[in-house]
Amino acid sequence: MLLLNGKKVSEHKREELKKRAKVFKKTYEREPGLAVVIVGDDPASHVYVRNKVKACEEIGIRSLHHHLMADTKEEKVIELITNLNSNKDTDAILLQLPLPSHLHAETILSHINPKKDADGLTIENMGLLFAGRPRVVPCTPKGVMEILKFYEISVSGKNCVVIGRSQIVGRPMAQLLLLNDATVTTAHSKTKNLSTLTNQADIVVVAAGKPNFLGADDFNKNAVVIDVGIHRLASGLCGDVRFSELKSKVKAATPVPGGVGPMTITMLLENTLILAEASAAQG
Ligand code: NAD
């Protein structure tokens with residue numbers, strides 16, 4: 001089985017992004033800027049934000065971290081987003097999810113200027129992706145495509161099954177595969193006979209959010225298995241797939257950790273650069 005090493009792909013990609021950030025700085029005499037907005041004290045979110053800020057520093061993106069208290073009113077979060085929309089040093093805005101329960105992610109996201117939407121989650125950017133003209137696309141599915149590209153696994157004409165239909169993973173994942181000429185089936189919680197579907201697939205992207213959900217019996221021996229799931233159990237980190245069962249049972253697979261996870265932040269850095277370059281070129 002070929003191990004699809006997301007950490008390695010991520011390191012390779014960051015070298016490329018570092019060069020791109022350098023060219024940006026030389027051309028426009030400033031660094032690309034990413035504003036990260038986090039509301040509340042969710043420990044996992046704070047770890048993610050710290051990692052994002054560190055990754056930005058390493059490749060030459062200026063990151064601004066805005067931490068709001070857990071009880072901040074929706075109007076205040078929107079006010080901050082509106083200010084960032086008009087701040088010319090901010091090229092991209094990331095709203096760290098999940099939000100405290102009194103806040104509505106969709107409402108707040110709708111206030112982000114789509115030309116500064118680092119995660120590609122505004123309706124305009126989703127619409128562009130679904131129309132086949134992507135501007136910036138959600139980081140995790142974008143990272144999956146990058147892993148496939150690195151290992152020269154073409155999706156054209158392949159039978160692909162995406163498990164999950166969330167806004168941040170499943171739906172954009174299916175669209176990216178379609179855009180690259182795959183034949184795509186989206187499975188979800190109401191799908192019947194899932195194992196029959198996955199057994200027929202050339203490529204399976206698993207984003208069901210269920211620890212150790214699928215194993216060797218769910219794939220054929222030529223399958224490429226991409227596990228997006230990530231779960232912190234008492235026994236350690238695991239994905240949606242029982243990776244240890246896959247050795248010599250499938251063609252290629254991503255591990256957890258070290259698979260899709262490391263790609264997500266790297267794709268955030270790339271989205272920031274894409275937005276910064278587009279905005280700087282417009283003057
Ligand atoms: P979600 O809970 O929003 O969506 C899960 C999807 O799985 C739903 O669309 C649901 O219909 C589907 N599903 C649930 N049970 C199913 C079943 N029995 N059969 C088929 N489909 C089923 O989750 P999400 O935000 O899309 O995230 C999915 C997983 O990916 C989670 O484990 C999450 O932690 C992980 N994730 C990882 C990264 C990363 O950077 N690696 C980023 C985002 C999400």
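First listed ligand is number 1; within each ligand, the first listed atom is number 1.
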Ion pair Asp91/Arg30, N-O distance below 4.0 Å: yes
Summary of salt bridge (charged side-chain N to carboxylate O under 4.0 Å, His left out) pairs that have at least one residue in residues 113-127, sequence neighbours excluded: Glu124-Arg135
Asn85-Thr82 side chain donor-acceptor pair, cut-off 3.5 Å: no
Ligand 1: protein residues within heavy-atom distance under 4.0 Å: Thr140, Ile163, Gly164, Arg165, Ser166, Ile168, Val169, His188, Ser189, Leu194, Ala207, Ala208, Gly209, Lys210, Phe213, Val228, Gly229, Ile230, His231, Gly261, Thr264
Considering all heavy atoms, the nearest Phe24-Ala280 contact: CE1-CB, 3.8 Å
Electrostatic pair Lys54-Glu57, nearest N-O below 4.0 angstrom: no
Arg14 with Glu11: basic N within carboxylate O range, under 4.0 Å: no
